[in-house]
Amino acid sequence: MNISFLDNWRKRRGPASGAALTGAQEEDPQGVAQLLSECELLRARASDAGIGLDDSTASLEALDQMAPRWRDDPDELPWLGNDAGLYLGTVIVRTVPGAVWQVWPNGRPVVRLASGREVDVVEAGQQWAADGAPELCQRYAEVAEA
């Protein structure tokens, strides 16, 4: 994958850190959105379960029905939760008018709605991965109504 801001940052500083996203958001918002939408672990687990992730609300519903086998692995749980949050954010950004990625100064990505409200999708994904509630499609519905 060719993400210009990341390539330029690495040339100047070495391997990327979370805080690198803060400045990159303004330089290359599409590159940041592409990076945040990867969600490799979640996509692999969904594929193993026969679920295709097409960045739609229907795919969120399918994820909610997936057996939570990751809860048996304390090392995988936080990573999968992070990916679930990023995927939720990706669906929101692609389907809710005016929603965009915003990166906080500490490097944490959130979704900013047209109203200015910021949604911590990573926290939502981690809650979902740990407890299954609230469901991803429910979180999406709450955000889409706002």
Note to self: Quick check: do Arg112 and Val110 have side-chain heavy atoms less than 4.5 Å from each other?
What the structure shows: no

Item checked: pair Val121-Tyr140: side-chain heavy atoms closer than 4.5 Å -> no

Next item on the list: Indicate, with yes or no, if Leu41 and Ile51 share a hydrophobic cluster defined by side-chain heavy-atom contacts under 4.5 Å among Ile, Leu, Val, Met, Phe, Trp and Tyr.
Entry: yes

Check: Going by the side-chain hydrogen bond (donor to acceptor under 3.5 Å, both in side chains) test, which pairs reach into residues 69-89, not counting sequence neighbours?
Finding: Arg45-Glu76, Ser59-Tyr87

Next item on the list: Assess whether side-chain contact (heavy atoms from CB on, under 4.5 Å) is satisfied between Leu63 and Leu53, documenting all intermediate values.
Entry: CA-CA 9 Å; Leu63 285 173; Leu53 299 184; 3.8 Å; yes

Notebook entry, point to check: Quick one: do Leu88 and Val100 end up in the same hydrophobic cluster if we chain Ile, Leu, Val, Met, Phe, Trp and Tyr together by side-chain heavy atoms under 4.5 Å apart?
Noted result: no

Note to self: On a heavy-atom basis, which atom in Pro109 and which in Leu86 lie closest, and how many Å separate them?
What the structure shows: CG-CD2, 3.7 Å

Notebook entry, point to check: When rounded to the nearest 0.5 angstrom, what is the spacing between CG in Leu80 and CE in Met66?
Noted result: 6.0 Å

Next item on the list: Please lay out, stage by stage, how Asp120 and Glu118 fare under the test side-chain contact (heavy atoms from CB on, under 4.5 Å).
Entry: CA-CA 7 Å; Asp120 189 344; Glu118 291 182 341; over 6 Å; no

Item checked: Pairwise distance CD(Gln65) to CD(Glu135) - rounded to 0.5 angstrom -> 6.5 Å

Check: Nearest heavy-atom pair of Ala129 and Gly81: which atoms, and what distance?
Finding: CB-CA, 3.5 Å

Next item on the list: Compare every heavy atom of Gly89 with every heavy atom of Val111, then report the nearest pair and how far apart it is.
Entry: CG2-CA, 3.7 Å

Next item on the list: Using modelled atom types only, decide if a donor and an acceptor are shared between the side chain of Asp131 and the backbone of Ala133 within a distance under 3.5 Å.
Entry: no

Next item on the list: May I ask you to check whether over 12 heavy atoms, not counting those of Gln30, lie within 6.0 Å of atom CD?
Entry: no

Next item on the list: Provide the closest heavy-atom pair for Glu142 versus Arg117 in the form atom of the first, atom of the second, distance.
Entry: O-NH1, 4.3 Å

Margin query: Show the nearest heavy-atom pair for residues Ile92 and Leu113, with the distance to one decimal.
Written below: CG2-CD2, 4.3 Å

Item checked: Arg139 vs Trp128 side-chain heavy atoms within contact, under 4.5 Å -> no

Check: Would a 4.5 Å heavy-atom cut-off, applied to side chains only, mark Val32 and Asp28 as touching?
Finding: no

Notebook entry, point to check: Of the non-hydrogen atoms in Ser56 and Asp54, which two are nearest, and what is the gap between them?
Noted result: OG-OD1, 2.5 Å

Notebook entry, point to check: Side chain of Ser47, backbone of Arg43: donor and acceptor closer than 3.5 Å?
Noted result: no

